[in-house]
Amino acid sequence: MARVPVAARNVVNRIRRTPRALARQYRTRRPHPTVELAPQPHPWTRALGLVTVVVVGAWLGLLIVGNVRTPVGPMNTTMTLRPSLTGGTKINVSPLGALHLDSHVAPVRLDVNVDQLDPVRSQAIVDHPERLSGLQDEVSQDVEHGTLDLALRSCVAVVSGATALGLAVYRRPRRALAAGGLAFTLLAASGGTAFATWNPDSVLEPKFSGLLSSAPSLVGNARSIVTEFDVYQKELARLVTNVTKLYDATSTLPAYAPDPTTIRVLHVSDIHLNPASWKIIASLVDQYKVNVIVDSGDTMDHGTAAENGFLDPIEDLGAPYVWVRGNHDSLTTQRYLQGLKNVHVLDDGRAATVAGLRFAGIGDPQFTPDRTNKPGAEQSQELAGARLASALREQRTAGRPVDIAVAHEPSAAREVDGEVPLVLAGHVHHNEMEILKHGTRLRIEGSTGGSGLRAVEGKYPDPIEASILYMDRDTRRLQAWDEIKLGGLGLTTAEVSRHLPAENQPGATPSPSSTSPTPSPTASPTAP
């Protein structure tokens, strides 16, 4: 058998090895296995995340820098835009409450906080009341300028806040810019929606909260204010100027100078949440060197806890304060007063000795801040008076007779006839003096708050009234009393009438001892 040449064998072997070599080469050229990545988020999820970043960033921007402090007439205000589902405008008047206006429908709400009354601008209006005629235009211009400033600042705040938060979350400039652009788009859309749905008539039907919830029933609803604007403008002018005039009037009242040992009692009543009353009372305490103040009730208007801060000036009036509850004062009011220093709350016939005189009193059994008449009211007053009379008898039997009894309603006060020399009351908003059947003297005080906010309800405003009672320190009996009457809203007179009990000067009749008119910068209506 012939031998195969070596060269031929090598060729055959290479041919045999070729499939295996190709297979190895193919295996080495196969692509390497790829690393599996986490699944990409759904586009809707990414969009929702971006919107969340935009909303949160825009809210933070508004919270930090998105407010404008601007003067509006005599007031300093802060305007702010806030995210909201319902839109509208909220005007906060601390501590009285807030007004809510359905001014627009948009995902942003305009908050206006009335911070304080500027004393310089307020005094300028007092000194130049003719400026009130142009006050409406001035306020409109101030609001317009403040709103434009707020819109510009809010735009910068929203875009900056969304962009900054987008950069912090995504760490990619393009995504951060996208967040800022979306924020600007949303703000522009909100502004356009607010403009399209703007309702200027919303001011005619505001919603009140806090103490302002009683405003429609006290000063008339907003619709009547608009339709009778001239009348309300005149009342506003009187209201702005009146407080300053009242302070001036009390500082010039002639003060009686009785025997140095005489105890001077200032009787006030029915303040009805009038803040001017505290200044007037403090002035009277200083002018007459008052030893003790007696308040026969209705210091508040609705008796809510929100009103309690109104009572804080009592601590600084300069004399002890004896108080009984009226039908506009709640037990919440009474508990708050019990916690104030220098205040003596009388109830259930309990007695207290203050400034050398012994007082006892009872709170009004009725709580009717809405001025309703509940069935059996008269009987409940008589029952309360009978309880007070029983307590007075017990005090006298124990050898500690009461000098002055205090009740809010005259019908309750009349039940103590014969048990005490003098009983004080209020409630009816005008002063009276009556000698009861068994010799007790009933003294009814007018409204020291000029009927509070109700001063504008009648044709003529109620005067501000108080009395100084001069009590003998030895006998603890009434020597004389001064009736002090300050012209009510818009009136400018201050009168003091001296009165002497018949036993001190037989046959004497009360006659005005002095009249102190105060200058008025504007013409005042003729008093009735």
Candidate pair Q479 and T262, rule side chain to side chain donor-acceptor pair (under 3.5 Å), full reasoning: CA-CA 9 Å; Q479 290 182 318; T262 300; 3.3 Å; yes

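- R69 CZ: 12 or fewer foreign heavy atoms inside a 6.0 Å radius.
- The closest donor-acceptor contact from the side chain of D270 to the backbone of D298 lies at 3.5 Å or more, if one exists at all.
- Counting heavy atoms from C-beta on, the side chains of P501 and R441 come closer than 4.5 Å.
- Taking 4.5 Å as the limit, every side-chain heavy atom of I404 sits out of range of all side-chain heavy atoms of V420.
- Here the side chains of I362 and R387 are in contact, with some heavy-atom distance below 4.5 Å.
- Inter-residue side-chain proximity for V268 and L266 is flagged as met; some heavy-atom pair is nearer than 4.5 Å.
- Taking the charged nitrogens against the carboxylate oxygens, D111 and R109 do have a contact shorter than 4.0 Å, which makes a salt bridge.
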Show the numbers, then the answer: is there a side chain to side chain donor-acceptor pair (under 3.5 Å) between S296 and H267? CA-CA 8 Å; S296 49; H267 183 198; 3.1 Å; yes

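- With hydrogens and angles ignored, the 3.5 Å screen pairs no side-chain donor or acceptor of E415 with any backbone N or O of A412.
- Under the 4.5 Å side-chain criterion, counting only non-hydrogen atoms from C-beta, I281 is in contact with I293.
- Between the side chains of Q334 and R325, at least one donor N or O lies within less than 3.5 Å of an accepting N or O.
- Applying the side-chain contact (heavy atoms from CB on, under 4.5 Å) test between Y321 and each of V354, I314, L311 identifies I314 as the sole match.
- Outside the 6.0 Å centre-distance limit, the rings of H302 and H328 are not counted as a close aromatic pair.
- Between the side chain of T448 and the main chain of S269, a donor-acceptor pair closer than 3.5 Å is present.
- The environment of R477 atom CZ is sparse: at most 12 non-hydrogen atoms of other residues, nucleotides or ligands sit within 6.0 angstrom.
- Checking each of V406, T333, D347 against W323 for a side-chain contact (heavy atoms from CB on, under 4.5 Å) leaves exactly one that passes, namely T333.
- Using a 3.5 Å distance cut-off with no hydrogens or angles, the side chains of N327 and H408 do pair a donor with an acceptor.
- Defined by atom type and a distance below 3.5 Å, a donor-acceptor pair is missing between the side-chain atoms of T440 and E419.
- Using a 4.5 Å cut-off on side-chain heavy atoms (C-beta onward), D364 and D329 make no contact.
- At a threshold of 4.5 Å between non-hydrogen side-chain atoms, the residues S283 and K279 do not count as touching.
- The pair R443-E434 does not meet the salt-bridge criterion, since no charged nitrogen lies less than 4.0 angstrom from a carboxylate oxygen.
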Between E445 and N431, is the side chain to side chain donor-acceptor pair (under 3.5 Å) condition met? List the steps. CA-CA 4 Å; E445 190 54 77; N431 64 61; 4.6 Å; no

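- A heavy-atom distance below 4.5 Å is found between the side chains of L469 and L478.
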